[in-house]
Asks: 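I am attaching a structure below and will ask some questions about it afterwards.
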Amino acid sequence: MRDDSDVVIAAANLGKCYDVFARPRDRFKQALLRRQCGHKFWALHDVSFTVRKGEALGILGHNGAGKSTLLQILAGALRPTVGEARLRGRVASLLELGSGFLPEFTGRENVFVNGTALGLSTVEIAQRIEEIRAFADIDDFFERPVKTYSSGMFVRLAFAVQACLDPDILIVDEALAVGDIFFQQKCHAHMDELLRKGTAILLVTHDVQAVRKYCSSVIVLEGGRVVHQGGVEEGVRRYLNRVATVARAGLAFSEKSTETSSCVSDFSEEILPNWPGSDVFFDLSRAISTDGEEGGVRVDGFGLSCKHGLARRDFEQGESAYFYAEMTVLRDMQQLVAGITLWTADNVAVYCQSSLQVSAGIPCELKKGAHIRMCWTIVLSIARGPYTVTFDLAEYPKWMSESIETVTPENFWSFGVPLVSLVRVGSFVVVAPLEGMRIPFMGLADLATTVKVQRVGR
Ligand SMILES: Nc1ncnc2c1ncn2[C@@H]1O[C@H](COP(=O)(O)OP(=O)(O)OP(=O)(O)O)[C@@H](O)[C@H]1O
């Protein structure tokens, strides 16, 4: 560290080992008898890196990889078993936001308490207090005891204090997900500003887009060990691959564990009583089929009709098209997910939705042999011209359908196990509307629009 004045964090061979005990009383036994009654567990092993002023280092890793352990060591909350971490300058840590707040004190008073703890003089804090107040944006609550705050206000104030006190090092652990979109945008803009001013940032997150945006290098941890150190894209890829592998392992496990659960009945009977005739269905042998996992599911039919259930291959702009899919599940399955993509002639996907996104309600835990029918109604508010259709099937973990609102796009893509993809399974043409407004819209997709006009003055 003495050799390079720009280095503000220098971690050398950091390691953290815990004594793990099968039973709580073994811990006491070990202390009393002074002999090993549990086993050693290395939560972090041989981690070394440096971060310079104005640099952001991303730390990625699956749950339990050792990220929090590393951050706690750097924030001074945990002592490493081996190695050394040296940090130069004022460290602001967003690890446990607001944990230093005194409930009876007002927001303003707590800013002084926190600022002093961070090593600022009362004059320095007083100079920044209005900036912090404006950043937190909690109106009069700033002058009220923090025990009266909502959890959102609490976090906003805590973030404002840490971020506005000109830290030399900012340690961020998923904290950017706090508050509403406006506050998040403010936090992101402030991070940009801090980096420009020379603050070094350590960013621990599952949000790979944030890592891509801010970080110049990445460390990926697996089982407490560094498996990648360096380039951002390579690190992100390594991390996402790991996430996908874990998801697949989870699927394999549940597949075995659900063998005794009851068979799902044919739910499609009540909902889709008028299944169309065979002329509606495309010739599947003409589709380019790319198989994912061997033998997961078989597509028995894929068709397209008008609202009367009659075969149709040309539709007016804005008319509803009915896509039918029929498949047989060839092994027990956690969450079968179907997807339809509509492609223009120049291979632009104008529509790509999965049954999860549209809450189609394919039941979880389908048993081997289950026969599924689906009908998608899509309003073709798209440009005139020819289109092709791709039909995809994948398996997802059961939890994904239960918590779809919280799933990020990265998670969505990485957790799916592809089963079958029928590329160009069918085609159709969109033509100008025959009645009503005769001028078709010119863009690729018709977006719902309202326009208001007011005459002002003469
Ligand atoms: N006090 C402790 N005693 C024993 N093991 C611990 C202790 N604290 C953490 N661990 C273990 O150390 C490993 C690393 O934990 P850590 O919290 O650092 O992971 P993480 O990457 O932050 O995970 P997450 O993303 O889930 O927060 C885990 O296996 C965890 O169970």
Side-chain angles (χ1 to χ4, degrees), residues 9 11-31 36-49 51 56-85 87 91 93-99 155 170-178 201-211 214-215 217-229 232 235-247 249-250 253 397 399-400 403 406-408 410-411 414-415:
I9 307 176
N13 311 107
L14 287 180
K16 180 70 189 174
C17 184
Y18 290 108
D19 284 319
V20 181
F21 301 94
R23 297 161 302 183
R25 65 175 173 216
D26 290 346
R27 182 183 294 278
F28 293 108
K29 247 167 79 183
Q30 177 163 313
Q36 192 69 38
C37 297
H39 69 273
K40 300 272 179 206
F41 170 73
W42 286 88
L44 199 67
H45 199 81
D46 201 17
V47 178
S48 303
F49 61 88
V51 186
L57 170 70
I59 315 271
L60 289 170
H62 203 68
N63 294 342
K67 306 179 299 291
S68 306
T69 306
L70 174 60
L71 287 202
Q72 283 174 5
I73 291 173
L74 295 172
L78 201 63
R79 196 196 293 270
T81 312
V82 292
E84 188 187 25
L87 282 75
V91 182
S93 147
L94 303 179
L95 291 190
E96 282 164 22
L97 280 175
S99 55
V155 167
L170 181 68
I171 299 179
V172 186
D173 185 8
E174 298 287 358
L176 291 178
V178 302
I201 295 179
L202 215 67
L203 182 63
V204 172
T205 178
H206 293 103
D207 177 1
V208 293
Q209 297 309 352
V211 170
Y214 293 109
C215 300
S217 58
V218 163
I219 285 179
V220 183
L221 293 173
E222 279 177 23
R225 288 172 188 272
V226 176
V227 294
H228 168 86
Q229 185 159 10
V232 173
V236 165
R237 221 173 306 130
R238 170 99 203 207
Y239 165 68
L240 290 179
N241 278 345
R242 170 76 180 160
V243 170
T245 308
V246 171
F253 175 76
W399 60 261
M400 181 119 0
S403 53
T406 57
V407 174
T408 63
E410 289 72 34
N411 277 349
S414 54
F415 277 92

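What you see below is based on every heavy atom in this structure, not just the backbone, and it leaves out hydrogens, waters and symmetry mates. If you read the sequence from its start, that first residue is 1, and numbering goes on from there. Atoms within each ligand, like the ligands themselves, are counted from 1 in listed order.
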Asks: Locate the shortest heavy-atom distance separating Leu74 from Ala85; write the atom from each residue and the value.
Replies: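 Taking every non-hydrogen atom into account, CD2-CB, 3.8 Å.
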Asks: What closest approach, in Å, do Ala56 and Tyr214 show between heavy atoms, and which atom pair accounts for it?
Replies: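 So the two residues come closest at CB-O, 3.3 Å.
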Asks: For His62 and Tyr239, which heavy atoms make the closest approach, and how far apart are they?
Replies: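 Looking at all heavy atoms of both residues, the shortest contact is N-CE1, 4.0 Å.
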Asks: Would a distance-only check, ignoring hydrogens and angles, find a side-chain to backbone donor-acceptor pair under 3.5 Å from Lys67 to Leu60?
Replies: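 A pair under 3.5 Å: no.
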Asks: What residues sit with at least one heavy atom under 4.0 Å from ligand 1?
Replies: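 If the criterion is a heavy atom under 4.0 Å, then ligand 1 touches Tyr18, Phe41, Ala43, His62, Asn63, Gly64, Ala65, Gly66, Lys67, Ser68, Thr69, His206.
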Asks: Between Gly235 and Val220, which heavy-atom pair has the shortest distance, and what is it?
Replies: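 Heavy atoms of Gly235 and Val220 come nearest at O-CG2, 3.4 Å.
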Asks: Does Asp19 have any salt bridge (charged side-chain N to carboxylate O under 4.0 Å, His left out) partners at least two apart in sequence or in another chain, and if so, which?
Replies: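 Counting only residues at least two positions away or on another chain, Asp19 forms a salt bridge (charged side-chain N to carboxylate O under 4.0 Å, His left out) with Lys40.
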